[in-house]
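Order of appearance sets the numbers: ligands from 1, and atoms from 1 within every ligand.
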Amino acid sequence: MTERLYYTDSYTAEFRAGIVDASPDRRRLYLDRTAFYPTSGGQPHDLGSINGIRITEIVDEEDGRIAHVLESPVASDEADCRIDWERRFDHMQQHTGQHLLSAVLLELFDAQTISFHMGAESSTIDIARPALEPNEVRQALERANRIVFENRPVTVEFRHASEDLGLRKATAREGDVRIVAIQGMDRSACGGTHVRATGEIGPILIRKLEKIRGNIRLEFLCGLRAVRRAHADYEALAAIGRSLASTLDETPPLVAAQIEKLQDAEKSRRKLELELAQARGRLLYSETQPGEDGIRRIRRDVPAITEELRAEAQSFTAGARAVFLATVNDPPSLLLAVSKDAGINAGQLVKEAVTRAGGRGGGNASIAQGSVPTLELLNEIVQQLR
Ligand SMILES: [Zn+2]
């Protein structure tokens with residue numbers, strides 16, 4: 001078993017230890033004692049170096065030993081160890097912040113914490129509650145931050161599992177249990193690294209709520225993470241505010257109003273476009289000379305069959321004795337519109353022609369569209385329709 005220095009002192013950042021075992025390539029080392037924290041309990045492993053060689057992983061092995069995985073081999077029997085302290089202290093802040101937040105959520109809303117995950121940017125806890133209202137989030141934030149200001153001691157003690165431990169969440173551990181306590185607030189069985197007083201957690205920020213399998217996943221940040229995130233949020237909001245020439249607090253209702261305005265404008269633009277297409281259809285009708293059979297024919301190549309095109313075709317064929325045919329090369333497709341007196345059933349004609357060509361389509365007696373597999377087949381149909 002490796003002696004875990006971080007159990008009794010989370011603040012050891014540099015230490016010496018003996019190398020008691022190693023893998024044949026000497027990149028995986030076992031020390032007699034270590035302050036490096038291995039991945040466990042939702043907290044990522046530490047980084048740092050041994051004899052100047054960078055650590056890539058710290059593993060908590062099943063036999064109670066801790067493996068230190070290095071970038072290159074270490075030949076010596078002695079280890080000169082340095083922990084990446086800034087990263088470790090940040091982890092201690094997030095982890096202690098989690099204990100505090102979990103205790104506050106239980107105290108205020110009887111919401112038990114189910115799980116905890118610490119990420120590189122933010123951390124999450126899942127709580128057994130189907131919802132958390134905005135005012136409840138605010139309440140939890142204020143309560144947690146007040147306890148930070150009170151700078152309550154965070155202590156570690158070892159007690160036997162058979163005793164009445166008074167834990168927030170029962171533990172399945174047997175024998176000696178490591179208990180991390182926030183004075184007057186929380187007692188948790190935990191093997192992680194924590195700060196020594198709540199003041200060191202720094203500001204706590206709750207940021208995002210997500211429903212996960214009937215529970216709430218709550219994203220939070222502590223310390224400099226919270227400061228940096230809040231500043232980044234401010235900058236993003238300020239950029240939006242600037243583009244709207246508005247103050248931050250006025251931005252949300254202004255954005256909502258802008259969206260509504262845009263939707264109205266889009267609706268009226270669509271309406272005008274259809275009206276314009278209809279006018280184009282009428283103009284086209286009046287400018288088109290009838291053929292020898294008295295029918296006015298329009299043949300168009302278009303990039304796509306749109307609603308505007310349909311409106312133009314319908315408007316054109318609203319006049320007497322008119323046929324409107326439009327084709328698209330890619331994908332090969334066509335639109336056929338006819339006036340009631342043209343003596344053609346557009347739906348029937350298009351359906352039969354495209355089905356024969358292995359395509360699909362249809363419509364009603366006055367307007368129809370269809371598509372076929374190739375341009376050659378489309379050209380054949382157009383020849384037939386002439
Ligand atoms: Zn903990």
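Atom CG of Asp63 sits in a crowded spot, with more than 12 heavy atoms from other residues, nucleotides or ligands closer than 6.0 Å.
Taking the charged nitrogens against the carboxylate oxygens, Arg270 and Glu308 do have a contact shorter than 4.0 Å, which makes a salt bridge.
Within the protein, the number of N/O/S atoms found under 2.8 Å from the Zn ion (ligand 1) is 4.
For the pair Arg297 and Phe324, the cation-pi criterion (under 6.0 Å, within 45° of the ring axis) is not fulfilled.
Atom CZ of Arg143 and atom CG of Leu141 lie 13.5 Å apart (nearest 0.5 Å).
Residue pairs meeting the side chain to side chain donor-acceptor pair (under 3.5 Å) criterion with at least one partner in residues 324-344, sequence neighbours excluded, are Arg299-Thr327, Asp301-Thr327, Ser339-Asp341.
Here His45 and Tyr37 keep their ring centres 6.0 angstrom or further from each other.
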